[in-house]
Amino acid sequence: MMILHKPKITLFDLTNPQHKTAAELFNEGNALPIISPHGHINPWLFADENARFTDPASLFIIPDHYVVRMLVSHGLTFDQLGIFPQESDPSPRDPRAIWQLFCDHFFAFDGTPTGMWIENALAMVFGIDDKPTTQNAMEIYDLIQEALDQPGMTPRQLYHTFNIEVLCTTDDASDRLGAHRVIRSSGWKGNIKPTFRVDNVVHIEHQGWQNHIHKLSQVCQRDIYNYANFVQAIEDQRAYFKSMGAVATDLSVRSPFTCRLSPRDADQIFQKGMKGTIDEGEADRFIGNMVIELARMSAEDGLVMQLRAGPYRNYAPFVFETYGADRGFDIPVRVEWVRNLKPLLNEFGFDRRLKMILFTLDESSYARELAPLAGAFPTIKLGPPWWFYDSPNGMMRYFDGVMETAGIDNTVGFNDDTSAFLSIPARHDLWRRMSASWLAKLFHQGQIDRETAGKRMADLSYHLAKRGYEFEV
């Protein structure tokens, strides 16, 4: 049976008393299972008990937008990285050539969390402590490929090797959840749960929105010809997702603007959206109204509401139109929360049935707005540092900026938010190390005692995520 090796990068200097305490706390937290409440792992990886990872390039490079965007910034093209135009017949990939280019440019990841994740994933999963270089590229490639060909390297077996207790995928609102049905019927003991992602049906301004509404109509077997039918179809699918084990919904917006529309006004905008004649202001009002509607639905059906704000999606039109979404060109923008959320909080801020987790790509809003909101409203919890900020420095800024106002229990621990399955242990390893470092600092400053530090280490590593997403004990 495969075992995890020690990480290469530990971040602890054991000659430093504070770091020594942090290492002790880390060891306590690291003994706990991994809760992965939000991520983008393909559920079909677990549907087939004999599924395999094909090659190192497909594992570490092609699906990882963190890796791709950095390599593109250094002059490599998407085609060189095995990502081809959407409308073309895909050329055969040469995974060795892609891996060689990756190693040739691995210096680009020095000092970045991506570099740390990759080096620790190589060490923890494959026992490879050498940093990728031009010279050792093929040697590392062959070591990884040899390991991938071993019997114990199936996703199902690695799920248990990684000590994962639950892993949530992100699934389109119109998904039939075929992979999840196969997993359920297989008798496998892994706990893979869907998450109801509503972006495609809520973002009325997106090109092709009408196609997503048609798909939703087919899945729900309900004609969607007005706003009322649309809302009912979403409620139908939420119920289906919940019956399949979902505990949460997810929506990403550029701005967390909320407003209430009358049913008549909402339907008028819906009809314009179906005709493709909607303007930007109408789209903003429709989405703002739907955020409140989604909060209302969560209060009624109990699904945890995740709201993420701050990405300017598909910032480079050429990349989006040629290669599709999620290629590394989503860029953070400034976000205002207090005024934008007020209509929603006026209705549901004290409705204890609602549990809403907020995420932002605007770090400046954590201490100024989000922490005070979470420290006041019983419906709000704060998600961890997300996307560009799940890094050593980003995590420490989060702890320093959020906890003293929001309080630890108004946060929900960590989610890895990854599409690269083999990076999950490395990402949780980093969060647990930074949690331990922060708690050790508080202990050595006399703000908390050692017993409290140990209890909070367990919370940050495991219990907050389990409670925040209401996973069954």
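Note: hydrogens, waters and symmetry copies are ignored here, and every other heavy atom, side chains too, is used.
- Counted by atom type alone, Arg308 and His38 present one or more donor-acceptor pairs between their side chains at under 3.5 Å.
- The pair Arg334-Glu369 does not meet the salt-bridge criterion, since no charged nitrogen lies less than 4.0 angstrom from a carboxylate oxygen.
- Between Lys242 and Asp301, none of the side-chain N atoms (NZ, or NE/NH1/NH2) sits under 4.0 Å from a carboxylate O, so this pair counts as no salt bridge.
- Counting all heavy atoms, side chain and backbone alike, Ala22 lies closest to Ala440 at N-CB, 3.7 Å.
- Within the cation-pi definition used here (under 6.0 Å to the ring centroid, within 45° of the axis), Arg254 qualifies as a partner of Tyr312.
- Of all heavy-atom pairs between Ala316 and Phe329, the closest is CB-CD2, 3.6 Å.
- With Trp431 as reference, Phe399 is the one residue of Tyr389, Phe26, Phe399 to meet the ring-ring contact (aromatic ring centres under 6.0 Å, His included) rule.
- In summary, Arg296 and Glu300 engage in a salt bridge, as defined by a charged side-chain N under 4.0 Å from a carboxylate O.
- Checked against Phe421 for a ring-ring contact (aromatic ring centres under 6.0 Å, His included), the options Phe162, Trp44, Tyr159 give a single hit: Phe162.
- A donor and an acceptor atom, one from each side chain of Asp267 and Gln271, are located under 3.5 Å apart.
- For the residue pair Arg156 and Ser186, a side-chain donor N or O sits within less than 3.5 Å of a side-chain acceptor on the partner.
- In this structure, Lys342 does not pair ionically with Glu347, as no charged nitrogen and carboxylate oxygen lie closer than 4.0 Å.
- Using bins of under 30°, 30° to 60° and over 60° for the plane-to-plane angle, the ring pair Trp188/Phe46 lands in the parallel bin.
- Inspection of the Thr169 and Asp171 side chains reveals an N or O donor paired with an N or O acceptor under 3.5 Å.
- Phe414 and His428 have perpendicular rings, their planes meeting at more than 60° on a 0 to 90° scale where under 30° would count as parallel.
- Between Arg467 and Asp409 there is a salt bridge, since at least one side-chain N of the basic residue sits less than 4.0 Å from a carboxylate O of the acidic one.
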